[in-house]
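To start, the structure under review is shown below, and the notes come after it.
All values below come from the heavy atoms of this structure, side chains included, with hydrogens, waters and symmetry mates left out. Labels below follow one simple rule: chain letters A, B, ... track the order of the sequence lines, proteins then strands, and each chain is numbered from 1.
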Amino acid sequence: MRVPAHTGFADVPAEGVSLLEAVAARARELLGATLVADRDGMRVALRITEVEGYGGPHDPASHAYRGPSARNAAMFGPPWHAYVYRHMGLHTCFNVVVAVDGTPTGVLIRAGEIIDGVDHARRRRAARGATRRDTDLAAGPARLTVALGITLADTGAPLDGSSGLTLLPRTGAAPRTAVGPRIGVGKAADFPMRFWIDGDPTVSR
DNA sequence: AAATAGATTAGCT
DNA sequence: GCTAATCTATTTA
């Protein structure tokens, strides 16, 4: 993996680059996986179509870049748990913690297709703003959390179903995947760490 | 104690 | 496509 000098990853040591590769691999695995949220007796299932990797200590765009804090504590916890944070005051975003060799790395779930509980998702989204098309229900990290009913209280929760959140691995073959730079990231924006299912209508722009 | 940048969204042109 | 809204965590004095 070549690391362009202007991306902010320039000082990543060799083991850091392999760490980024590992995160990218985990992110790719999550494409096509299913996230099931059981909330208030309502089940909403999401087929993940867009993700972004965050490389912890070597990634200046990662929340874990500057070490542990009250906000990012969950990233330093066990893998396959949730890391939920608030952004821009009101928006809530959901990550899957992917500890690689004990380092705090994560994958931001940016978008997906609602495959079960569409009515519940639409109702939740309608309560916070207008939604025109079904493909927009979870087309964006904060939209996704609203559709699934995920809140800050879910941070640190396991994704094995014991807390109402279940992550099911993709079953079929790997989908056709597109790669690009991360979105809305000020630092290291040119580094391709964003993956989405090529041609899927539910990915954010 | 104060400043500031930010893993965004919705609404309008 | 472009901009306002909106507030928190982290950084700086």
Pairs of donor and acceptor atoms involving the side chains of residues 23-34 of chain A, under 3.5 Å and at least two apart or interchain, shall be tabulated with distances.
none

Neighbours of DNA chain C within residues 147-157 of chain A, by heavy-atom distance under 4.0 Å = none
Go along nucleotides 2-7 of chain B 5' to 3' and tag each nucleotide: B for a protein heavy atom under 4.0 Å from its base, S when only backbone or sugar atoms are that close, - otherwise.
-> ----BB
Given B:dA10, is OP1 or OP2 found less than 4.0 Å from the side-chain N or O atoms of A:Arg143?
-> yes
State, without any angle test, whether A:Glu50 and A:Ser204 hold a side-chain donor-acceptor pair at a distance under 3.5 Å.
-> yes
Partner nucleotide of C:dA9 by Watson-Crick or wobble geometry (both distances under 3.5 Å) | B:dT4
A:Leu90 CG to B:dG11 P, in whole Å, measures 13 Å
Cation over ring face, A:Arg182 and A:Tyr54, 6.0 Å, 45° | yes
For A:Asp160, enumerate each residue passing the side chain to side chain donor-acceptor pair (under 3.5 Å) test, keeping only those at least two apart in sequence or located in another chain.
-> A:Ser162
Are the side chain of A:Ser62 and the backbone N or O of A:Asp59 linked by a donor-acceptor pair below 3.5 Å?
-> no
Would a distance-only check, ignoring hydrogens and angles, find a side-chain to backbone donor-acceptor pair under 3.5 Å from A:Asp200 to A:Ile197?
-> no
Show the numbers, then the answer: is there a side-chain hydrogen bond (donor to acceptor under 3.5 Å, both in side chains) between A:Thr202 and A:Thr135?
-> CA-CA 5 Å; A:Thr202 62; A:Thr135 52; over 6 Å; no
Who pairs with A:Tyr85 by ring-ring contact (aromatic ring centres under 6.0 Å, His included), at least two apart in sequence or on another chain?
-> A:His63, A:Tyr83
Can you spot which of A:Leu144, A:Val84, A:Leu108 makes a side chain to side chain contact (heavy atoms under 4.5 Å, CB included) with A:Cys93?
-> A:Leu108
Its 5'-most and 3'-most nucleotides having an atom under 4.0 Å from a non-hydrogen atom of chain A, DNA chain C is contacted over C:dT6 to C:dT11
Can you tell me how far P in B:dA7 sits from the matching atom in C:dT12, rounded to whole Å?
-> 16 Å
Considering only NZ, NE, NH1 and NH2 on the basic side and carboxylate oxygens on the acidic side, decide whether A:Asp134 and A:Arg122 come within less than 4.0 Å.
-> yes
